[in-house]
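Have a look at the structure below before the remarks.
By convention in this document, chain letters (A, B, ...) are assigned in the order of the sequence lines, proteins followed by strands, and residues within each chain are numbered from 1.
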Protein chains: 4
Amino acid sequence: MVEKKKLSRRKMDKLRHRHQMLAAALDLFAAKGYHNVSMHEIAGKAEFAIGTLYSFFKNKEDLYKALIVEMTDEYHRILSDALFKENDTLAAIGEYIAAKAEFFTNSVATLRLYFAETRGASFNIKAGLDQDIRNLYDEMIEKLASTMKRGMDRKVLKEGDPYYMAVTLEGITNAFLFCWLEDPKRHLYASNVPMIKELFLNGCLTK
Amino acid sequence: MVEKKKLSRRKMDKLRHRHQMLAAALDLFAAKGYHNVSMHEIAGKAEFAIGTLYSFFKNKEDLYKALIVEMTDEYHRILSDALFKENDTLAAIGEYIAAKAEFFTNSVATLRLYFAETRGASFNIKAGLDQDIRNLYDEMIEKLASTMKRGMDRKVLKEGDPYYMAVTLEGITNAFLFCWLEDPKRHLYASNVPMIKELFLNGCLTK
Amino acid sequence: MVEKKKLSRRKMDKLRHRHQMLAAALDLFAAKGYHNVSMHEIAGKAEFAIGTLYSFFKNKEDLYKALIVEMTDEYHRILSDALFKENDTLAAIGEYIAAKAEFFTNSVATLRLYFAETRGASFNIKAGLDQDIRNLYDEMIEKLASTMKRGMDRKVLKEGDPYYMAVTLEGITNAFLFCWLEDPKRHLYASNVPMIKELFLNGCLTK
Amino acid sequence: MVEKKKLSRRKMDKLRHRHQMLAAALDLFAAKGYHNVSMHEIAGKAEFAIGTLYSFFKNKEDLYKALIVEMTDEYHRILSDALFKENDTLAAIGEYIAAKAEFFTNSVATLRLYFAETRGASFNIKAGLDQDIRNLYDEMIEKLASTMKRGMDRKVLKEGDPYYMAVTLEGITNAFLFCWLEDPKRHLYASNVPMIKELFLNGCLTK
DNA sequence: GATGAATGAGTATTCATTCAT
DNA sequence: CATGAATGAATACTCATTCAT
């Protein structure tokens with residue numbers, strides 16, 4: 001029993017330390033960009049020696065990848081949940097917009113990295129992850145597209161290419177997130193969700 | 001006369017050389033990212049000595065800034081022209097969408113840099129340009145917003161915040177450009193312009 | 001009694017563990033060289049924790065020294081035995097050649113280290129051992145030289161400097177060992193012992 | 001003409017600088033061993049900045065290889081010349097012994113590296129050169145062996161395996177070089193050449 | 001006594017920038 | 001005025017060693 005407790009404490013410690021390092025890295029990468037952050041800086045901010053950092057991540061790229069993957073995984077989990085919480089198509093779309101906004105408003109840093117990796121051309125990693133991330137991103141779009149398809153089948157949404165409808169929603173939400181990122185005071189999040197939904201569903205034309 | 005001709009020839013040469021250097025830099029930056037391109041590489045690709053490169057641009061950042069500024073200037077000139085070519089609001093919006101697409105389809109490299117600088121969090125330049133570019137970007141949005149405002153005044157567009165309407169159009173067009181950038185064969189540009197216009201104006205709801 | 005048994009078992013264990021560590025170190029050092037082997041690697045191969053390794057040897061150099069010293073001690077014991085087993089000079093020389101060959105053919109790894117330390121300029125240890133090893137090596141040469149001297153006194157060997165005669169025998173045997181080390185299949189050991197003896201004693205000239 | 005001169009001066013400078021760097025590296029590697037010498041140290045001793053060193057050699061291994069290859073090439077050229085200067089077999093052998101001794105007595109450092117690379121197990125380079133050097137070494141032995149063969153055909157040397165005869169000569173000369181390396185005062189070079197020749201040709205037995 | 005997480009000095013290497021020719 | 005050799009600060013990464021549990 002004592003043995004087990006001891007072991008589990010060590011493992012807990014390791015996990016906690018890993019989180020501290022990833023948190024420090026997230027802040028720094030988001031603030032200054034991959035290439036303007038040194039491993040020493042990350043170690044310093046996390047209050048560990050450089051060697052300790054390297055005992056957790058085999059190199060800088062590996063650390064960055066871990067960060068992106070964990071972030072992306074959680075992000076997609078949350079969006080999927082939002083999308084499938086409601087059976088009603090319009091409600092699902094509303095949940096999606098709200099969940100996306102909420103996820104990022106909790107962490108500006110995460111949003112910066114998300115944009116850097118998915119919208120801006122990312123040159124931070126040699127190979128592999130880049131494609132992985134893009135694939136995950138595309139999967140998300142496909143899920144969204146299938147929601148759109150369902151809406152069409154139910155005659156709630158206009159006929160058309162569900163993929164491009166999903167792309168459109170992505171584009172609008174990203175644009176608003178970007179506004180908020182640039183000037184959080186001016187562009188309040190709460191009031192925008194209904195507006196985004198309205199713009200996406202009804203467009204700008206007078207009826 | 002001879003003197004003058006000589007001088008003007010020299011100036012022409014310098015200008016041409018400058019363009020060659022910027023072109024080399026554009027290709028490399030777009031392909032590999034600011035931090036993964038060395039000044040030697042740019043000089044090599046442009047077929048000049050490193051010292052010559054430095055006689056044109058005082059440092060790497062300066063070269064990058066020149067590239068971005070020239071690109072952005074032309075981009076905004078073209079978009080403004082498109083926006084004010086037609087008095088009719090809906091026609092103007094169509095022109096805008098088409099001009100934006102055309103500008104970038106001529107140069108994937110330019111599009112990559114545009115995304116890197118405006119959408120992805122750019123960490124390529126220490127300070128200054130970043131804000132300059134954002135300001136220019138915002139000016140563009142304001143121009144677009146004023147077109148939207150005109151549309152509202154003419155009862156062509158629904159009442160609402162013209163700024164966010166502009167943001168919405170930006171978001172949708174960027175999303176489609178991004179699709180094309182990722183997979184140019186799948187997402188053809190020509191057929192998408194009307195679809196974008198339709199999605200922006202009428203939304204996705206069945207009437 | 002129980003107490004004593006326990007203690008002696010513990011001591012036996014420690015000794016066994018020490019041997020396991022030294023064996024792992026020998027293999028690795030011989031295969032990759034002192035500087036290309038890490039303490040973690042040795043600990044891993046010996047299946048001990050790094051701290052345990054350090055409880056047996058105070059540092060890397062110390063471990064290496066222990067290895068070399070134990071190897072050298074046994075080597076010299078065996079060669080001395082061979083040299084003094086036979087009273088007859090020529091027989092003694094034959095025994096020496098055979099013993100040297102046999103000692104190393106049992107362990108290629110040992111031979112690699114032997115060469116690294118005695119023939120190649122060794123840069124593995126800061127100071128101290130280097131000289132110790134050289135002294136031991138010289139002692140061995142002196143023993144061999146005294147055998148040569150006895151041979152001269154008995155008019156079996158040609159007059160000359162017995163030291164250089166010993167050096168000559170060392171050189172020839174090492175050269176053949178080296179051949180074998182490089183290409184064990186081509187250069188068989190058993191058949192070479194008489195040849196070495198003949199070359200050393202009679203030279204290459206026709207009579 | 002002026003143009004040409006200028007250019008050639010630059011090239012001369014580069015060549016001279018390269019030699020200075022290699023000379024510094026030779027001294028340091030010979031004194032302390034590959035792994036105990038840092039690139040900064042070499043650059044410092046050669047009185048260049050670290051970057052300059054790297055503009056001449058793409059990495060540490062490359063610098064080391066250049067050193068070894070140039071040394072080995074010259075060494076083998078000199079030995080080949082010595083071997084084929086005289087038609088008479090015994091004279092050729094004498095020349096060989098003398099040339100080998102002379103080559104190294106000019107540069108203790110070179111001898112240290114030669115031993116480190118050819119006799120001691122070298123672990124300084126990952127792959128490739130190692131085998132190259134061994135092949136060159138073997139070529140040399142084969143040349144020596146063919147001289148031995150000629151001696152046998154002319155009934156000057158005893159019948160036997162010419163390869164092993166060459167190996168024997170190598171062994172003896174190396175052993176004496178090693179003595180000299182260890183204690184240059186005690187083991188004078190000039191007086192040893194005839195002794196080596198005598199020991200190799202006639203052996204140690206009384207007639 | 002064994003363990004392995006943590007440490008941090010040390011090292012190879014890159015690349016923006018300068019300046020003598 | 002173009003050239004490219006030289007510079008050296010900066011940075012990713014390793015590994016011998018320690019010590020709390």
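Residues from residues 41-51 of chain C that place a heavy atom under 4.0 Å from any atom of DNA chain E, listed by number: A49(C), I50(C), G51(C).
In this structure, the CG atom of L53(B) is 13 Å from the C1' atom of dC15(E), given to the nearest Å. Regarding Y54(B), its OH atom lies at a distance of 7 Å from the P atom of dT18(E), rounded to whole Å. When the C1' atom of dG10(E) is taken as reference, atom NZ of K60(D) falls 12 Å away, rounded to whole Å. Atoms NZ (K11(D)) and P (dA5(F)) sit 10 Å apart, rounded to a whole Å. For the pair F56(B) CZ and dC1(F) P, the computed distance is 10 Å after rounding to whole Å. Counting to the nearest Å, the P atom of dG10(E) and the CE atom of M39(A) are 21 Å from each other. For K58(C) and dC19(F), the NZ to P distance is 16 Å, given to the nearest whole Å. H35(C) has its NE2 atom 10 Å from the P atom of dA16(F), to the nearest Å.
Nucleic acid contact for D13(D): none, since no nucleic acid atom lies under 4.0 Å from a heavy atom of the residue.
You'll find the side chain of K60(A) reaches within 4.5 Å of the side chain of Y34(A), heavy atoms only. In this structure, K32(C) and E41(C) have side chains that are in contact, with non-hydrogen atoms separated by less than 4.5 Å. In this structure the side chain of F29(C) never reaches within 4.5 angstrom of the side chain of I68(C), judged on heavy atoms. Inter-residue side-chain proximity for L22(D) and L63(D) is flagged as met; some heavy-atom pair is nearer than 4.5 Å. K45(D) is not listed as a side-chain neighbour of I42(D), based on a closest heavy-atom distance of 4.5 Å or more. With contacts defined as side-chain heavy-atom distances shorter than 4.5 Å, the pair K65(D)/F57(D) does not qualify.
Classified by interplanar angle (parallel below 30°, tilted 30° to 60°, perpendicular above 60°), the ring pair F56(B)/F48(B) is tilted.
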Handout entry: Worked verdict on D13(B) versus R16(B) for salt bridge (charged side-chain N to carboxylate O under 4.0 Å, His left out)
Key = CA-CA 5 Å; D13(B) 273 3; R16(B) 191 160 38 78; 2.6 Å; yes

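Comparing the axis of the opening five pairs of the helix from dA2(E)-dT21(F) to dT21(E)-dA2(F) with that of the closing five pairs yields an angle of 0°, rounded to 10°.
Residue H17(D) has no polar side-chain atom (N or O) positioned under 4.0 Å from OP1 or OP2 of dA5(F). Look at H40(A) and you won't find any side-chain N or O under 4.0 angstrom from OP1 or OP2 of dA12(F).
Of all the heavy atoms in L28(B) and V37(B), the pair that sits closest is O-CG2, 3.4 Å.
Residue-to-nucleotide proximity on DNA chain E shows that, of K14(C) and T52(A), the 5′-proximal contact is made by K14(C).
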